[in-house]
Structures are given as structure tokens and as C-alpha cells.
Amino acid sequence: MKKHILIADDSDVIRSIVEQTLRLYHYDSIITAIDGQDALEKARAHKNEIALYVFDVNMPRMDGISLVKEVRAFDASTPIIMLTTETDKAKMMTARDNGATGWIIKPFQGDKFIRVVEMYLKN
């Protein structure tokens, strides 16, 4: 059964905020990654157990859009939310074209973030 949420963000603060927000709403099975490469390794290791991905766009070692492409090679259906300060429409379209399913602009409000998470997890 898919149950984990994988968060990839190179910012310790953002990773912590996302994790704390999820835990506040009783999402307790969380895997965190410090960059795109770390996230890819963890996604592969838990590939049939992840219910939702939350990826930053700008990260070292592998950016979020490249990470989406890599994950989509072995997981075509799990929702991927991009979390970023980017408001660049071209980047949003590129992410979506490569398989991202949602986009949240940082900083975000916890309740709005959770509504997006719940929307994807109910499908």
C-alpha cells in the first residue's frame, strides 16, 4: 500500500515546515531528501510505497524538473507537487509537461498546502 510522502528540498527550514505541516494534519509517514539526487535514491528505494511527492524546483545535484523526469521513468502515476519560489510560467509548463501534477508557491499557508495534498491523496 502506498503511504509515504517524499519531500525533497535543499532548505532545512522549508523541509521542516513542510514536514511539520503534514504531521499537524496526521500525515506521519514522511521521507525527506536534501536534494534531487538524494530524493531519486529514496524514491527508487521506496518506489511502490510513495503516495505523494513534494519537490522543490531549484536544488543542487539535481533540480526538481530533472527529478520529475527521472521519477516518471519508473512511477507514472503518483502525484508530484512542485514547491518553489518560482512564478515563471515557462518553468511551470516544463514541469507539467514532464509529469508534475501540481505547483505551490513558497511561502505557502499550511491549510492551503494541506488542501492540495488532500486533493491528490483522495484520487
Side-chain angles (χ1 to χ4, degrees):
M1 185 180 126
K2 293 185 175 190
K3 59 181 186 278
H4 302 301
I5 297 174
L6 175 60
I7 304 163
D9 200 305
D10 58 311
S11 163
D12 294 342
V13 172
I14 296 297
R15 255 192 342 271
S16 178
I17 289 169
V18 172
E19 185 172 2
Q20 287 173 15
T21 302
L22 289 165
R23 289 189 190 286
L24 189 64
Y25 289 86
H26 309 289
Y27 293 100
D28 296 320
S29 188
I30 299 166
I31 301 167
T32 59
I34 59 169
D35 60 37
Q37 191 62 48
D38 185 32
L40 181 59
E41 290 163 15
K42 289 175 177 174
R44 283 188 177 131
H46 298 277
K47 70 178 167 191
N48 296 317
E49 304 162 13
I50 295 175
L52 179 69
Y53 298 99
V54 181
F55 296 157
D56 184 18
V57 171
N58 298 310
M59 295 183 285
R61 296 205 304 154
M62 182 185 294
D63 66 76
I65 293 172
S66 299
L67 179 56
V68 168
K69 288 182 200 173
E70 292 288 333
V71 167
R72 285 296 180 230
F74 61 84
D75 184 345
S77 61
T78 302
I80 300 174
I81 298 172
M82 303 305 289
L83 193 62
T84 186
T85 54
E86 294 280 343
T87 53
D88 181 345
K89 295 274 188 253
K91 267 197 179 163
M92 288 185 204
M93 296 303 284
T94 302
R96 194 176 67 204
D97 291 346
N98 284 291
T101 43
W103 197 275
I104 295 177
I105 306 296
K106 296 186 271 190
F108 59 84
Q109 290 178 290
D111 59 330
K112 287 184 179 170
F113 172 71
I114 290 298
R115 275 202 298 276
V116 173
V117 167
E118 288 177 344
M119 180 181 76
Y120 285 115
L121 290 179
K122 282 185 177 133
N123 291 342

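The first residue in the sequence is number 1, and the count goes up from there. Remember, it's a predicted structure, so these values are computed and weren't measured experimentally.
Hydrophobic cluster membership is shared by Ile50 and Phe74, with clusters built from Ile, Leu, Val, Met, Phe, Trp and Tyr side chains linked at under 4.5 angstrom. In this structure, Leu52 is a member of the same hydrophobic cluster as Met119, with clusters built from ILVMFWY side-chain heavy atoms closer than 4.5 Å. The cluster map of Ile, Leu, Val, Met, Phe, Trp and Tyr, joined by side-chain heavy atoms under 4.5 Å apart, puts Leu83 and Ile34 in different clusters. Met59 and Ile31 end up in the same hydrophobic cluster when Ile, Leu, Val, Met, Phe, Trp and Tyr side chains are linked at under 4.5 Å.
Ion pairing of Arg15 with Glu19 is absent here, as no side-chain N (NZ or NE/NH1/NH2) approaches a carboxylate O to less than 4.0 Å. The pair Arg61-Asp35 counts as a salt bridge, with a side-chain nitrogen and a carboxylate oxygen less than 4.0 angstrom apart. Under a 4.0 Å N-O distance rule, the pair Asp97/Lys69 does not qualify as a salt bridge.
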(request) Could you please spell out the steps behind the side-chain contact (heavy atoms from CB on, under 4.5 Å) verdict for Asp56 and Ile14? (result) CA-CA 9 Å; Asp56 184 18; Ile14 296 297; over 6 Å; no

(message) Determine whether Glu118 and Ile114 satisfy the following criterion, side-chain contact (heavy atoms from CB on, under 4.5 Å), listing intermediate values before the conclusion.
(response) CA-CA 6 Å; Glu118 288 177 344; Ile114 290 298; 3.6 Å; yes

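Between atom CG of residue Asp38 and atom CG of residue Leu6 there is a gap of 8.5 Å, rounded to the nearest 0.5 Å. Within the model, atoms NE2 of His4 and CD1 of Ile30 stand 11.0 Å from one another, a figure rounded to the nearest 0.5 Å. Atom-to-atom distance recorded for Glu70:CD and Met62:CE is 5.0 Å, nearest 0.5 angstrom. Separating the CD atom in Glu49 from the NZ atom in Lys42 is a distance of 13.5 Å, to the nearest 0.5 Å.
Residues passing the salt bridge (Lys or Arg N to Asp or Glu O under 4.0 Å) test with Lys47: none are found, sequence neighbours excluded.
Taking 4.5 Å as the limit, every side-chain heavy atom of Thr21 sits out of range of all side-chain heavy atoms of Gln109. Phe55 is not listed as a side-chain neighbour of Asp9, based on a closest heavy-atom distance of 4.5 Å or more. Contact check for Glu41 versus Gln37: side-chain heavy atoms found under the 4.5 Å cut-off. Between Ile104 and Thr84 the shortest side-chain heavy-atom distance does not fall below 4.5 Å. In this structure, Trp103 and Ile80 have side chains that are not in contact, with every pair of non-hydrogen atoms separated by 4.5 Å or more.
Here the options are Thr101, Asp75, Thr78, the test is side chain to side chain donor-acceptor pair (under 3.5 Å), and the partner is Tyr53; only Asp75 passes. Here the options are Ile105, Val54, Val68, Leu67, the test is side-chain contact (heavy atoms from CB on, under 4.5 Å), and the partner is Met82; only Val68 passes.
The minimum heavy-atom distance between Arg23 and Asp28, with the atom names listed, is NH1-O, 2.9 Å. Residues Ala39 and Ala8 approach most closely at CB-CB, 3.5 Å, considering heavy atoms. Pairing each heavy atom of Ala95 with each of Ile65, the nearest pair is CB-CG1, 4.0 Å.
A donor-acceptor pair shorter than 3.5 Å can be found between the side chains of Gln20 and Ser16. Side-chain polar atoms of Ser66 and Asp63 form a donor-acceptor pair below 3.5 angstrom.
Within 6.0 Å of atom CZ in Arg72, more than 12 heavy atoms from other residues, nucleotides or ligands are found, so the atom counts as buried in its surroundings.
A distance of 6.0 Å or more separates the ring centres of Tyr27 and Tyr25.
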